[in-house]
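Notes to accompany the following structure.
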Amino acid sequence: AVLCGLIFVMSRSLKVAGAGDSAGMMQAVLQGEYGAARDIVLLNSGAALYAADVAGSMAQGIALARLALDSGAALAKREALVALSQRLGQ
């Protein structure tokens, strides 16, 4: 099935063996890898942006999420969060 340009696949393609695999999958999405994981991130992020009234529709939320991934803004934000977490943990 296709929704807003996202292709839905069987969840087996998203299965990971543990936290390390999950982190690796997320890092790959943030670094621009296409596939089922990216589509799920876009769908969830688009829904969150719509629910928060940042986007006027799910489609617009997905478009904003896609822009954040494609521009590198999402990766930069994650890196800033990691750096802040490390500073606060010291």
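Reckoned from all heavy atoms, side chains included, excluding hydrogens, waters and symmetry mates. From a predicted model like this one, the values you see are computed outputs, not experimental measurements.
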Worksheet item: If you group Ile, Leu, Val, Met, Phe, Trp and Tyr by side-chain heavy-atom gaps below 4.5 Å, do Leu42 and Met58 land in one group?
Response: yes
Worksheet item: Is it the case that one hydrophobic cluster holds both Leu67 and Leu43, taking links as side-chain heavy atoms less than 4.5 Å apart, direct or via other members?
Response: no
Response to the item:
Value for OH (Tyr34) from CG (Asp39), rounded to nearest 0.5 Å, stands at 10.0 Å
Worksheet item: For the atom pair CG (Leu75) and NZ (Lys77), what is the distance rounded to the nearest 0.5 Å?
Response: 12.0 Å
Item to complete: Using modelled atom types only, decide if a donor and an acceptor are shared between the side chain of Ser45 and the backbone of Val41 within a distance under 3.5 Å.
Response: yes
Over all atoms of both residues, closest heavy-atom pair of [X] and [Y]:
X: Leu49; Y: Gly61; value: CD1-O, 3.5 Å
X: Ser71; Y: Ala68; value: OG-O, 3.4 Å
X: Leu69; Y: Ala74; value: CD2-CB, 3.9 Å

Which side-chain N or O atoms in residues 17-33 pair as donor and acceptor under 3.5 Å with protein atoms at least two apart or in another chain?
from  : atom 1 : to    : atom 2 : distance (Å)
Asp21 : OD2    : Ala17 : N      : 3.1
Gln27 : OE1    : Arg78 : NH1    : 3.4

